[in-house]
Amino acid sequence: MVATGFPAFDTTVDKTNRLLKTIEDAYGWPKERRKQSYAALRAVLHQLRDRLTVDEAVQFGAQLPMLVRGMYYEGWRPAETPVKMHSEEFFQRIRHDFPYSIQGDTEQLVHTVLEALQRHISEGEWDDLRGRMPADLVTVIPA
């Protein structure tokens, strides 16, 4: 655990590191590839956020660890959301934002990141997220 001297910061850094490690473990990436797990998390969060309505995006974001929440809101333009996109475009956007090679396809990357995120979101909010996604995207969101 990182010790910043401020408990709220220590907690959010620890939660963020555990989240990134979960992604790394799923792919067998060593900690030295932390930039990749960060890029994966960021790419998925941004496209998910942009697909949701403003209210839905805020409700989801409120449950993220503080440090991850900052990443989630980075560069957000609420007036331009939701961006209506089918699953193919959703995955293409994530692939564009994730410049590293991966085992499997982009859909597996999204599923892996969302599976790691699910641990930080209440069951009710997770169910709401699944309920708000179009049928062709809900399949990638872990139940």
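Heavy atoms only: backbone and side chains are in, while hydrogens, waters and symmetry mates are out.
The closest side-chain heavy-atom distance from Val110 to Leu48 is not below 4.5 Å. Side-chain atoms of Val83 and Phe90, non-hydrogen and from C-beta on, never get closer than 4.5 Å to each other. Asp14 has its side chain within reach of Arg18: a pair of non-hydrogen atoms, C-beta onward, lies under 4.5 Å apart. Between Leu52 and Met133, the closest side-chain pair of non-hydrogen atoms falls below 4.5 Å.
Residues forming a side-chain contact (heavy atoms from CB on, under 4.5 Å) with Pro30 (at least two apart in sequence, or on another chain): Glu32, Arg33. Taking the ring pair (Phe, Tyr, Trp, His ring centres under 6.0 Å) definition, one finds that Tyr38 meets it with nothing, sequence neighbours left out. By the side-chain hydrogen bond (donor to acceptor under 3.5 Å, both in side chains) test, Lys21 is found to be paired with Asp25, residues two or more places apart in sequence or in another chain being considered. With sequence neighbours left out, Thr12 forms a side-chain hydrogen bond (donor to acceptor under 3.5 Å, both in side chains) with no residue at all. For Trp29, the ring pair (Phe, Tyr, Trp, His ring centres under 6.0 Å) partners are Tyr27, not counting sequence neighbours. With sequence neighbours left out, Phe91 forms a ring pair (Phe, Tyr, Trp, His ring centres under 6.0 Å) with no residue at all.
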Can you check side chain to side chain contact (heavy atoms under 4.5 Å, CB included) on Trp126 and Ile141, steps first, answer last?
-> CA-CA 9 Å; Trp126 197 259; Ile141 300 175; 3.6 Å; yes

Criterion side chain to side chain contact (heavy atoms under 4.5 Å, CB included) on Gln36 and Ile23, from CA distance to verdict = CA-CA 9 Å; Gln36 283 183 222; Ile23 296 166; over 6 Å; no

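The side-chain hydrogen bond (donor to acceptor under 3.5 Å, both in side chains) pairs that include a residue from residues 49-61 are Thr53-Glu56, Glu56-Arg132, Gln59-Arg132, where partners are two or more places apart or lie in different chains. The side-chain hydrogen bond (donor to acceptor under 3.5 Å, both in side chains) pairs that include a residue from residues 97-110 are Gln47-Asp97, Gln108-Thr112, where partners are two or more places apart or lie in different chains. For residues 73-83, every residue pair satisfying the side-chain hydrogen bond (donor to acceptor under 3.5 Å, both in side chains) rule, not counting sequence neighbours, is listed here: Arg42-Glu74. Residue pairs meeting the ring-ring contact (aromatic ring centres under 6.0 Å, His included) criterion with at least one partner in residues 47-67, sequence neighbours excluded, are Phe60-Tyr72. Screening residues 133-143 for salt bridge (Lys or Arg N to Asp or Glu O under 4.0 Å), with sequence neighbours left out, gives no hits.
If you chain together hydrophobic residues whose side chains sit under 4.5 Å apart, Leu129 and Met71 fall into the same group. The cluster map of Ile, Leu, Val, Met, Phe, Trp and Tyr, joined by side-chain heavy atoms under 4.5 Å apart, puts Leu45 and Met85 in the same cluster.
Listed here is the closest heavy atom pair of Arg34 and Leu20: CD-CD1, 3.3 Å. Across every non-hydrogen atom of Thr22 and Ala116, the tightest pair is CG2-CB, 3.7 Å.
With rounding to the nearest 0.5 angstrom, the CD atom of Gln118 is 8.5 Å from the NE2 atom of His111. Taking CZ from Arg119 and CG from Leu114, the interatomic distance works out to 12.5 Å, rounded to the nearest 0.5 Å. To the nearest 0.5 Å, the span separating CG on Asn17 from NZ on Lys15 amounts to 13.0 Å.
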Could you tabulate the donor-acceptor pairs under 3.5 Å formed by side-chain atoms of residues 61-69, not counting sequence neighbours?
unit_1 : atom_1 : unit_2 : atom_2 : d
Gln63  : OE1    : Ser122 : N      : 2.5
Gln63  : OE1    : Ser122 : OG     : 3.3
Gln63  : NE2    : Ser122 : OG     : 3.2
Arg69  : NE     : Gly61  : O      : 3.2
Arg69  : NE     : Leu64  : O      : 3.4
Arg69  : NH2    : Leu64  : O      : 2.8

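More than 12 heavy-atom neighbours from other residues, nucleotides or ligands sit within 6.0 angstrom of NE2 on His86.
Using a 4.0 Å cut-off between a side-chain N of Lys or Arg and a carboxylate O of Asp or Glu, Lys31 and Glu24 do not qualify as a salt bridge.
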